[in-house]
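One is the number of the first residue; the rest follow in order along the sequence.
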Amino acid sequence: MKQGPLPSVDSPDDMTGPTELPSCGPLPTRVGVTGPAPEEPLGVVAVGPAGAERRAVLATLLNLDPVMLTVPAGSWLVVRNAKVPTRAAFVPGYRQPHSYGADRDAAGPALARPPRRVELSVPEPLLRHFTLIDVPDTATLGAAGNRVLLEAVGRAGALLFVIAADQAFTATELNLLAEVAPTSVEVVFAVTPGAAGWGPLADGAATTEDAGASVPPAGNGATEATAAAVTVAAHRAALLAAVPALAGARWFPVDDADSAADLRRALVGWSSREGLQRASVNPPVLPGQHDRVAVAADPGDWSERLDRQTRSCAQRIRQHLALELANIHLRAVQEIVFGVGCAGLPDLLDREMAALSLLATAQCDQAVRGIITDVAGRVLGAPPTEGVRRRIATAVQYGLVDDRPGQELDKVLLITSTAGVAGLTGPEAIDALASYPAAARSEVLPPVAVALSGGCWQQWRTPGNNDHSAARAWSQRAVREVELGLSREISRRFEVIRLSLGAVLSDAVDHGILLA
């Protein structure tokens, strides 16, 4: 891997030349908040700094013992509603989750590496409205973890930020909230007592009305309620000074079950509104979904255009990912030399690979949508409606099933302890890599999935194994192997898209109508 200053991947438009085709469009260069799909289940993502008693707040909302919400460091917790309590850990490198008891005394499984997520299913009425997702503390997420978080928040629809009375927003947290602020995501804040409670009243503090919070009426505990309101107002003022777009966010002081009831009602109210809104934008029948669609009298050189576009889009995505992997290697070196050291390398690389997987998936999805729209428009004589495009995409998916045996597109790339890359196939293996699993995908291609195997944790967390030179060389080889593996996968994916889409459109041209 080339060392030294590298161009930023934030400027894809600088890549000009024969690979620039309008069908690919401006491919995303980073993962961020996107609008949720109508079929995406509602979710509330809880985040905040360590020491804010976030787990206690969630346990109060769910009427659970906080111990039930304990997960390994770095793992996400996804809590769903179910009649029978279950708990399972989803670990990259395995097709099946590791189950362990759903009671407070159940010991977790002995794992070689932390799971990407732990799913807890409990019979709780609140979870009928939405899924609750708890993520690692904000200080441990890093840049890549924040990108994964933003992607999950966009799909879930709501963000619950929990902060203690004696804590202040960090620059990283303010940047995170600033990215969420202009989107449709519902942002709710919960403030918990600090080590010294709500703290004494301060002269000139903000008024209760400024807090926008739910505060108990005067009476027993009126002093505590007033102190809580003043603390919430101070936090809100500090936030709005940096992120004024969140002026409409609601704030709730939470220190017991009674005060958590207001937060609970607010989240249920949001889920009701959001559920109706998502349902209203998903019509039961799309235009063109069942109609006969005639083919253009002269579709032109659509086949040659398909060939050029699949090749150029694959090349363009490989270029983007190569630049991102080069930057990932630089960040890994910085972690080894200036950060935690060799012991922190697996955590950082795994977060980077999770964000890279989301980026590569988004780029492939957008490129394939552009290719289908552009080439199908040539064949049909007009841009296809959404219903027609989905019919074509479904037909292309059927063609992907005929891919060569042993060359499945549902493939996970696992970085091994020897800095190589091993493959694991199957949709279950891909699902184990998701921090927050999505609804059934409507895209043509399966997700891109890259992660670290458990051997990497065992190698670099072994006591005494703190050779910086060896860690830098290992990370360089590992990143290079990932680049080669991803390059092969991207090329193969677009080749099967070319063959399958070509077969669907050739059939339409031969018959004079679209039969997909």
Side-chain heavy-atom pair L174, L239 within 4.5 angstrom cut-off
yes

Hey, are D347 and R461 close enough for a salt bridge, meaning a charged N less than 4.0 Å from a carboxylate O?
yes

Do H329 and L325 have side-chain heavy atoms sitting under 4.5 Å apart?
no

Output all residues satisfying side-chain hydrogen bond (donor to acceptor under 3.5 Å, both in side chains) with E335, sequence neighbours left out; order by chain, then residue number.
none

If only atom types and distance count, is the side chain of R351 paired as donor or acceptor with the main-chain N or O of G74 below 3.5 Å?
no

Any chance you could measure L356, atom CG, to N327, atom CG, to the nearest 0.5 Å?
11.0 Å

Is R116 salt-bridged to D431, cutoff N-O under 4.0 Å?
no

Partner set under side-chain hydrogen bond (donor to acceptor under 3.5 Å, both in side chains) for D166, not counting sequence neighbours
none

Mind checking the CG-OG spacing from L349 to S475? Nearest 0.5 Å is all I need.
6.5 Å

For a salt bridge (charged side-chain N to carboxylate O under 4.0 Å, His left out) check, start with the C-alpha distance between R87 and E119, then their side-chain angles and the critical distance, and finish with the verdict.
CA-CA 6 Å; R87 187 164 51 175; E119 288 197 0; over 6 Å; no

In chain order, what residues pass the ring-ring contact (aromatic ring centres under 6.0 Å, His included) check against F169, with sequence neighbours excluded?
F161

Once ring-ring contact (aromatic ring centres under 6.0 Å, His included) is applied, do any residues pair with W460, and if so which ones, sequence neighbours excluded?
W474

Is the shortest distance from a Lys or Arg side-chain nitrogen in E124 or K83 to a carboxylate oxygen in the other one below 4.0 Å?
no

Under the rule for side-chain hydrogen bond (donor to acceptor under 3.5 Å, both in side chains), what residues qualify as partners of R331, not counting sequence neighbours?
E324, E352

Would you tabulate the side-chain donor-acceptor contacts of residues 88-98 under 3.5 Å, counting partners in other chains and residues two or more places apart, or write 'none'?
unit_1 : atom_1 : unit_2 : atom_2 : d
R95    : NE     : T425   : O      : 2.8
R95    : NH2    : T425   : O      : 3.0

R113 side chain vs L452 backbone, donor-acceptor pair below 3.5 Å
yes

Taking S271's backbone N and O only, do any of them form a donor-acceptor pair with E274's side chain (distance below 3.5 Å, no angle check)?
no

Minimum heavy-atom distance A332-L348, with the two atoms named
CA-CD2, 3.8 Å

Any salt bridge (Lys or Arg N to Asp or Glu O under 4.0 Å) involving residues 435-451? Give me the pairs, sequence neighbours left out, ordered by first then second residue.
D365-R441, R369-E443

Which pairs count as side-chain hydrogen bond (donor to acceptor under 3.5 Å, both in side chains) when at least one residue sits in residues 44-54, sequence neighbours excluded?
R54-D134, R54-D137

Can you sort out the partners of P66 under side-chain contact (heavy atoms from CB on, under 4.5 Å), two or more places apart, ordered by chain and number?
R55, A59

Main chain of M353, side chain of S357: is a donor-acceptor contact present, judged purely on distance under 3.5 Å?
yes

H320 (side chain) donor-acceptor with Q363 (main chain) under 3.5 angstrom:
no

For D258, the side-chain contact (heavy atoms from CB on, under 4.5 Å) test, sequence neighbours excluded, returns D256

Side-chain donor/acceptor pairs under 3.5 Å, residues 37-44, sequence neighbours excluded:
unit_1 : atom_1 : unit_2 : atom_2 : d
E40    : OE2    : R155   : NH1    : 3.1
E40    : OE2    : A439   : N      : 3.3

Are the side chain of R147 and the backbone of A355 linked by a donor-acceptor contact shorter than 3.5 Å?
no

Donor-acceptor contact below 3.5 Å, side chain T373 vs main chain G370
no

So the side-chain hydrogen bond (donor to acceptor under 3.5 Å, both in side chains) pairs with at least one residue in residues 177-193 (sequence neighbours excluded) are R30-E179

Do side-chain atoms of S75 reach the backbone of P115 as a donor and acceptor pair under 3.5 angstrom?
yes

Determine whether V180 and L246 make a side-chain contact, defined as any pair of heavy atoms from C-beta on separated by less than 4.5 Å.
no

List the steps and the verdict of side chain to side chain contact (heavy atoms under 4.5 Å, CB included) for I372 and V444.
CA-CA 10 Å; I372 292 177; V444 175; 4.0 Å; yes

